[in-house]
2 protein chains.
Amino acid sequence: MTSATNTANLERPLRKDAAQHRQQLLAAAVQVFDEQGLDASVTEIARVAGVGIGTLYRRFPTKDALIDALVREILGATIQMARDAVRAPDGTGLERFLEASSAYQAEHAGCLPRLWNTDHEMVKTARQLIAKLLVDAKKHDRIRHDLTSTDLSLAMFSLLGVLEATLPVAPDAWRRHLDLLIAGMRPAALNLPHRALSTASLDKVLATHIPTVAAR
Amino acid sequence: MTSATNTANLERPLRKDAAQHRQQLLAAAVQVFDEQGLDASVTEIARVAGVGIGTLYRRFPTKDALIDALVREILGATIQMARDAVRAPDGTGLERFLEASSAYQAEHAGCLPRLWNTDHEMVKTARQLIAKLLVDAKKHDRIRHDLTSTDLSLAMFSLLGVLEATLPVAPDAWRRHLDLLIAGMRPAALNLPHRALSTASLDKVLATHIPTVAAR
DNA sequence: CTCTATACGGAGAGATCACTCCGCTTAGAC
DNA sequence: GTCTAAGCGGAGTGATCTCTCCGTATAGAG
């Protein structure tokens, strides 16, 4: 499964012009998906990038592959933010991470529906780091002890819902919603009434979530 | 704007067979949109309903009109649940409503992305009722006083995000997330750090939210 | 400068979709 | 039973999308 056409693989270095076109295409895709959603046509992306469709398809064998490359970029940045947050000494890492990653996602909203959808190793890595952040936050009593890491996954879907709805008009509205979520995560006398989602179920959720483009 | 082809208008009573086909089409649409999302083809809906495409298009002049009819059904039910909740005497109306309407939406998930998107009178009505529920809940000190009704709108987008992600695999996961949201809504010493969305902005959000199908 | 592997553009193939049109059928009033 | 307004089915239209193919252009090694 460690296939080709991924990120900056060292399979064979691209010719200089080709490498530049690749970057132009990625940038154009971010912009176009952001403005029009994942249903935007590849023709439009090529136009914005200033290259032909043929060029796009040599670089990314399929529209999905292009989206996938973008998703990898976002996941990579997210993982980096989680790593940084782990180093926070006072148990605030989780909160910092949620704020930072949401802010980043707000600026790369185009392909968010696909973010957690794929079976990348990266998703697992991200989830493990987030779980670590949660443990640490509990240790410092900043987060209620009956909160699970699956709850955090749900919280990210939740933020995604808010982002998708509000982003074009109120680009900061998600911050207020995150306030509310974190308020709910604080330690409290009463436990949350319902049982948390099992990690097995969550795995299935992530494997299923929104086919949108895939089914063509 | 009080146009034709709406719900059970009394413009001219439909012929008996036609009325029945209309119901079959609505039921089929619920099922198909639920399984395949709003991108499902109208041909498929007609097939499931057991009628021809022509029949579908005489009853609903456009795919959008069909979706709209479904949205009206959901909104109607939602408004009814809000009305019921207003009658709760102990300030628990808001919580009851959130639980009941989410449960209902979980069973009509197909066209949720369009739920709050349209400019119906019904949306305004629903929002007014929800605002009333909020006031009442604050009066009984069940909900923090710095929570606004726009926060509740964000919470509904949030639930929608969770529903869309989890529904097929974990049909009850939203309950746990609602627990978390409500925990955050409870009175607390500290105010939420960020300012709430203004109602004017929220209006724009609702007017913009996800074109998905409209733009064809 | 030469030469070739690599890259480029974009017309067009093939699918799929929403929607229309029209000849046939039928509910239901009389 | 008759008659007709209302309803029906589904082939066909035109738009749009992803992806392919191939003649042309060029980077860059020798």
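In what follows, chains are A, B, ... by sequence order, proteins preceding strands, each numbered from 1. These figures come from a predicted structure and were not determined experimentally.
- Applying the side-chain hydrogen bond (donor to acceptor under 3.5 Å, both in side chains) definition to pairs two or more places apart or across chains, those involving residues 74-83 of chain A are A:Gln80-A:Asp84.
- Side-chain contact, B:Asp151 with A:His177: no donor N or O sits under 3.5 Å from an acceptor N or O.
- Residues satisfying the side-chain contact (heavy atoms from CB on, under 4.5 Å) criterion with B:Asp17, sequence neighbours excluded, are B:Arg15.
- Counting any heavy atom pair closer than 4.0 Å across all strands shown, A:Ala40 reaches sugar-phosphate atoms only and no base atom.
- Scanning for salt bridge (charged side-chain N to carboxylate O under 4.0 Å, His left out) contacts around A:Glu95 gives A:Arg142, A:Arg186, with sequence neighbours left out.
- Regarding contacts with the backbone of D:dC8, a side-chain N or O of B:His21 is found under 4.0 angstrom from either OP1 or OP2.
- B:Thr62 comes within 4.0 angstrom of the backbone, heavy atoms only, and of no base.
- Here D:dT18 is the nucleotide among D:dC8, C:dC8, D:dT18 with the atom lying nearest to any side-chain atom of A:Ser41.
- Side-chain proximity of B:Arg58 to D:dC19, D:dG7, C:dA18: nearest is D:dG7.
- Every residue was checked against the salt bridge (charged side-chain N to carboxylate O under 4.0 Å, His left out) condition with B:Glu35, not counting sequence neighbours, and none meets it.
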Spell out protein contact along nucleotides 24-30 of chain D as letters: B when the base is contacted, S when just the sugar-phosphate is, - when no protein heavy atom is under 4.0 Å; keep the 5' to 3' order. --BSS--

Could you list, one pair per line, each protein nitrogen or oxygen that sits under 3.5 Å from a nitrogen or oxygen of nucleotides 10-14 of chain D, together with the distance?
residue	atom	partner	partner atom	Å
D:dG10	N7	B:Gly54	N	3.2
D:dG10	O6	B:Gly54	N	3.4

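- The neighbour count for B:Lys132 NZ, taken as heavy atoms of other residues, nucleotides or ligands under 6.0 Å away, does not exceed 12.
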